[in-house]
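Each chain gets a letter, A, B and so on, in the order the sequences are listed, and its residues count up from 1. Every heavy atom of this structure was used, including side-chain atoms; hydrogens, water molecules and symmetry mates were not.
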Protein chains: 2
Amino acid sequence: MEQKQKSEFTKQLILNESFKLFYKNGFKTTSVDKIMKTTNLTKGAFYHHYKSKKELGLEVISSKIQQRVYQGMITPLYQDGNALAILKVTFSERLKSFSQYDKQHGCPMNNFINEIADEEEAYQLALKRIVEEWKAALVYLLERGKKEHVINKTISSNAVAVYLISSFEGIRGIRKLYNDDSVLDDYILGLSLYLNQLKP
Amino acid sequence: MEQKQKSEFTKQLILNESFKLFYKNGFKTTSVDKIMKTTNLTKGAFYHHYKSKKELGLEVISSKIQQRVYQGMITPLYQDGNALAILKVTFSERLKSFSQYDKQHGCPMNNFINEIADEEEAYQLALKRIVEEWKAALVYLLERGKKEHVINKTISSNAVAVYLISSFEGIRGIRKLYNDDSVLDDYILGLSLYLNQLKP
DNA sequence: CTTAAAACATACTAACTAGTATTTTTTATA
DNA sequence: TATAAAAAATACTAGTTAGTATGTTTTAAG
């Protein structure tokens with residue numbers, strides 16, 4: 001009984017440290033050796049729990065990264081309340097809540113997308129799954145907003161959802177180039193202009 | 001006299017092949033060995049022309065990538081004509097003009113930003129320079145549009161410029177996840193909705 | 001034609017890479 | 001408490017990495 005728990009703990013430890021190192025230094029340039037050094041375990045433990053680095057990468061995406069996006073950007077969209085206000089708050093508060101570290105290193109999902117999505121279909125699929133769920137949540141909220149006469153019925157929810165996701169992921173990258181938040185402030189202003197124009 | 005030309009040709013050859021390989025496989029995972037194999041030259045030639053891989057990376061950014069962004073996204077903004085129409089055409093035509101290969105591999109600049117901007121200040125600066133010139137061109141065009149009563153004077157040109165750049169770079173990444181253009185069509189629709197709302 | 005420098009080639013280093021083979025330690029259970 | 005399986009450690013392989021040291025070839029200029 002205790003063994004299973006300990007084993008699961010080890011696997012999670014490797015997963016957590018991997019996520020951190022991938023976020024900090026990139027996936028391809030983080031070695032299994034480096035990961036295992038931070039866990040104070042050895043390669044034997046790694047290959048006991050994961051059959052390859054690729055398998056680990058996929059699990060980091062479908063577990064750690066998905067959780068993060070859900071918590072920060074998807075779950076809030078299912079709240080009750082004015083759809084437009086929820087959009088505005090979710091996007092801008094998320095940006096404002098990031099630590100200096102997170103601003104400097106961008107979006108873990110976007111980093112993965114740009115580093116390895118064009119390399120291997122398995123990564124592509126795992127990442128697409130998250131984006132699609134994000135998009136679905138946005139479309140749901142926009143449609144609700146339309147029903148409740150808060151959002152212009154003539155606009156395409158799909159198009160707005162894609163545009164919102166694109167701009168958010170884009171700014172997470174652009175922000176890496178700067179050492180202050182002015183570009184984020186510009187983005188938030190641009191976003192709120194955009195959202196205001198979705199009114200009926 | 002001839003020597004200088006040949007030497008310059010070699011340096012450009014290395015630069016061009018590097019750009020292609022960085023675009024295809026990423027910067028950190030493209031080795032100097034691989035680059036020199038595609039040029040049919042050897043390591044001796046490489047380190048004669050470039051003092052390090054980092055120096056090469058910086059030159060790829062400030063030369064190859066800058067040229068590409070200028071040609072595709074900046075120069076067109078300085079055309080005469082309706083500012084809003086120029087924006088719409090420049091962004092959507094650029095997206096539509098990409099080859100399958102370019103759609104799959106995203107934006108070279110955005111790839112660099114997400115791969116190495118948080119690693120080394122020199123890369124950050126070289127990339128920022130391009131983004132700033134792009135932003136300046138957009139702001140110039142938006143201001144001209146305001147003067148010519150084509151664009152709403154109350155909006156912030158800076159904010160719109162940042163929002164446009166973010167969404168464009170974002171969609172270039174998101175598109176990597178898909179095998180068809182529907183997400184690009186959604187983006188273009190979302191963009192034109194957005195641009196229409198910039199009218200006075 | 002000689003000479004020196006520039007352009008490039010060859011052969012190396014030391015560190016790192018993903019993954020494997022084998023052994024030791026720990027744990028559950030009979 | 002004996003035993004087998006799970007968990008983890010150790011030691012290895014074969015390949016790759018950026019960069020260097022030392023050659024050889026080519027070219028320009030006297």
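For the pair A:S7 and D:dA6, the criterion of a side-chain N or O lying under 4.0 Å from OP1 or OP2 is not met. Contact annotation: B:T10 side-chain N/O to C:dA7 OP1/OP2 distance is not under 4.0 Å. One finds a side-chain N or O of A:S31 lying less than 4.0 angstrom from the OP1 or OP2 phosphate oxygen of C:dT17.
A straight line from CD1 of B:I14 to P of C:dA7 spans 11 Å, rounded to a whole angstrom.
For B:E120, the CD atom counts as densely surrounded, since its 6.0 Å shell holds more than 12 non-hydrogen atoms of other residues, nucleotides or ligands.
No side-chain donor-acceptor contact under 3.5 Å links A:Y70 and A:T75. Judged by distance alone, the side chains of A:S166 and B:Y187 never bring a donor and an acceptor atom under 3.5 Å apart.
Under 4.0 Å is where a charged nitrogen must lie from a carboxylate oxygen, and between A:K146 and A:E143 at least one such pair does.
Pairs passing the side-chain hydrogen bond (donor to acceptor under 3.5 Å, both in side chains) check and including a residue from residues 77-98 of chain B, sequence neighbours excluded, read B:K88-B:N196.
B:Y23 shares a hydrophobic cluster with B:Y101; the chain of contacts runs through ILVMFWY side chains whose heavy atoms sit under 4.5 Å apart.
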Enumerate the protein-to-nucleotides 22-24 of chain D contacts in which both atoms are nitrogen or oxygen and the separation is below 3.5 Å.
none

Exercise. Going through the checks in order, is the ring-ring contact (aromatic ring centres under 6.0 Å, His included) test met by B:F112 and B:Y123?
Worked result: CA-CA 8 Å; B:F112 261 93; B:Y123 297 128; 7.3 Å; no

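For DNA chain D, the residues of residues 35-56 of chain B within the heavy-atom distance limit of 4.0 Å (strictly under) are B:K43, B:Y47, B:S52, B:K53, sorted by number. At a non-hydrogen distance threshold of 4.0 Å, nothing from residues 21-29 of chain B comes into contact with DNA chain D.
Within the 4.5 Å cutoff, side-chain heavy atoms of A:L87 are placed close to those of A:L138. For the pair A:E133/A:V69, no side-chain contact is recorded, criterion being any heavy-atom separation below 4.5 Å from C-beta on. A heavy-atom distance below 4.5 Å is found between the side chains of B:N110 and A:N114.
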Going by atom type alone, with no hydrogens or angles, which donor-acceptor pairs under 3.5 Å involve a side-chain atom of residues 12-20 of chain A and a protein atom two or more places apart or on another chain?
{"residue": "A:Q12", "atom": "NE2", "partner": "A:E8", "partner atom": "OE2", "Å": "3.2"}
{"residue": "A:N16", "atom": "OD1", "partner": "A:K64", "partner atom": "NZ", "Å": "2.7"}
{"residue": "A:N16", "atom": "ND2", "partner": "A:Q12", "partner atom": "O", "Å": "3.3"}
{"residue": "A:E17", "atom": "OE2", "partner": "A:K20", "partner atom": "NZ", "Å": "3.3"}
{"residue": "A:S18", "atom": "OG", "partner": "A:I14", "partner atom": "O", "Å": "2.6"}

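Here A:K34 lies in heavy-atom contact (under 4.0 Å) with sugar-phosphate atoms only.
With C:dT27, D:dT17, D:dA8 as the candidates, the nucleotide lying closest to the side chain of B:D33 is D:dT17.
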